[in-house]
Peer 1: 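Before I ask anything, let me first share the structure, which is written out below as structure tokens.
A note on names: the letters A, B, ... follow the listed sequences, proteins ahead of strands, and every chain is numbered from 1. Note that the structure is predicted; figures quoted are calculated from it, not measured.
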Protein chains: 2
Amino acid sequence: MNPTVKTARKLIRVVIAEDQGMVLGALAALLEIEGDIGVVARSHNGKEALQAVLEHKPEVLITDIEMPEMTGLDVAAELKRRRASTRVIILTTFARAGYLRRALEAGASGYLLKDMRAEELAEAVRRVHQGLRVIDPELATEAWAEADPLTDRERQVLRLAGDGKASGDIASDLGLSEGTVRNYLSEAISKLGANNRVEAARIARTKGWL
Amino acid sequence: MNPTVKTARKLIRVVIAEDQGMVLGALAALLEIEGDIGVVARSHNGKEALQAVLEHKPEVLITDIEMPEMTGLDVAAELKRRRASTRVIILTTFARAGYLRRALEAGASGYLLKDMRAEELAEAVRRVHQGLRVIDPELATEAWAEADPLTDRERQVLRLAGDGKASGDIASDLGLSEGTVRNYLSEAISKLGANNRVEAARIARTKGWL
DNA sequence: CCCTCCAGATGACATTTGTCACCGAAACCG
DNA sequence: CGGTTTCGGTGACAAATGTCATCTGGAGGG
């Protein structure tokens, strides 16, 4: 059964969302080669992707996570909320347990890494279209390993601290007192087992907790 | 003998280097669509890319910068050293003046960003093959704007500091005294107009000085 | 109503960081 | 040879950071 030859009738219709134009176009080319998949729209940010999906009702949406306007995870969550039938494949650079967790919570059917073999993308589209899930194997195991221990405030504060802002600046940014900011930071540092704010921020980032 | 000989007369032979398998395959697909370009090898890291170029002597090498083993800039520099005829196009995510500068110094013929339109890649390959240069327009202007003001020591120290290491740790890592590390850091901070080590590291990174 | 549970705030303290002026040993140069 | 960089180190001080114990004023919740 060579899909490229016989099956011209039921194309799997796909929308792709990816902010790097070069990669977006290339992925589209990659999928168009397959005879059984058709790219019906390309979006370079999350909002466009959402609109495109609502308009075209494709079988599958392939989306990056980190994009302008709206993140791929947000798009997935919004589609779930609207009970859209389109299945979502997250395609990202980052092997972060936190991202995978959020993706699954948002009802995504697939989570693939950009450093997988290119051939696996089309295959994943087919499997997901059949109702199966496709999760990157190495991530699948450790996925539910640890939950984000940070509170919202701690996250906010840590984000700014990671950019090199001083406690005082962070405080006025968030409308808190400097002492309070230091308290949150201290708490975050100890939760993450770090030695200082910078290390804490780094750790949180690599876990996908940002 | 071969009926295709007439139309396929001179393919532009290309090697692509990119560590993300998905992107690598996709870019290859993108170029293969063009009738006048042929991808003769794909490499997942800099060393493979270098070998592939030496072996196939393609007209053009398209390479990412940040890859395992050897960076795309290193590959370009090595090819220049060996007086290889292959022209190099750097294809990267990062619009950093420092990267562009190093690319040009390494004799690269092109510097493209992954968020350009996908169609421009094939066009760039053709132009570069004709001996022209293709530089991302927005970068071209500011390219030679400012040189890296940091010394080697300052760079090393800043790199570690940016990862959250404490002065003492950095000192023992580099076999220096803690006071000296603080001096280098202080110097770097003032050179970059930053308020602290973290901000300094961030600035240096975005400029491509790392 | 009382009790608890927050989010924030304070104050005090030790440690780390950032700054600066200055010292000493190569190395280099005329 | 004397003079000047360059690289690293000291010491001292102010400022920022990290830690802790403790206080406050709600907002629930029974």
Peer 1: Rounded to the nearest angstrom, tell me the gap between atom CG in A/Asn196 and atom C1' in C/dT16.
Peer 2: 10 Å
Peer 1: How many whole angstroms separate atom OH of B/Tyr184 from atom C1' of C/dT17?
Peer 2: 18 Å
Peer 1: By the 4.0 Å heavy-atom rule, please label B/Ser167 as base, sugar-phosphate, or nothing.
Peer 2: sugar-phosphate
Peer 1: Can you figure out which of D/dG18, C/dT10, D/dG8 approaches the side chain of B/Thr180 most closely?
Peer 2: D/dG8
Peer 1: Would you mind telling me which residue lines up with the more 5' stretch of DNA chain D, B/Leu176 or A/Ser190, judged by nearest nucleotide?
Peer 2: B/Leu176
Peer 1: Closest approach to the side chain of B/Ser177, judged atom by atom: which nucleotide of D/dG8, D/dT10, C/dT10 is it?
Peer 2: D/dT10
Peer 1: Do A/Asn183 side-chain and C/dT10 base share a donor-acceptor contact under 3.5 Å?
Peer 2: yes
Peer 1: Take the protein atom NZ of B/Lys191 and the nucleotide atom P of C/dT19, then report the distance between them rounded to whole Å.
Peer 2: 14 Å
Peer 1: Salt bridge or not for A/Glu18 and A/Lys114, using N-O below 4.0 Å?
Peer 2: yes
Peer 1: Would you mind reading off the distance between A/Glu199 atom CD and C/dT17 atom P, rounded to a whole angstrom?
Peer 2: 11 Å
Peer 1: Taking CD from B/Glu187 and C1' from C/dC20, how many angstroms apart are they, rounded to a whole number?
Peer 2: 11 Å
Peer 1: For a side chain to side chain donor-acceptor pair (under 3.5 Å) check, start with the C-alpha distance between A/Arg159 and A/Gln156, then their side-chain angles and the critical distance, and finish with the verdict.
Peer 2: CA-CA 5 Å; A/Arg159 244 190 296 265; A/Gln156 293 177 43; over 6 Å; no
Peer 1: Rounded off to whole Å, could you give me the CZ-to-C1' distance for the B/Arg182 and C/dA21 pair?
Peer 2: 15 Å
Peer 1: Quick check on side chain to side chain contact (heavy atoms under 4.5 Å, CB included): which of A/Asp36, A/Val134, A/Val60 does A/Val125 satisfy it with?
Peer 2: A/Val60
Peer 1: Please state how far atom CD in A/Glu178 lies from atom P in D/dA16, giving the value in whole angstrom units.
Peer 2: 8 Å
Peer 1: Can you check the B/Arg197 CZ to D/dT17 P distance for me, whole Å?
Peer 2: 11 Å
Peer 1: When you check the gap from the basic side-chain N to the acidic O, do B/Arg102 and B/Glu105 get nearer than 4.0 Å?
Peer 2: no
Peer 1: Does a nitrogen or oxygen in the side chain of B/Ser186 sit under 4.0 Å from OP1 or OP2 of C/dG18?
Peer 2: no
Peer 1: Heavy-atom count check: over 12 atoms from other residues, nucleotides or ligands less than 6.0 Å from A/Arg202 CZ?
Peer 2: yes
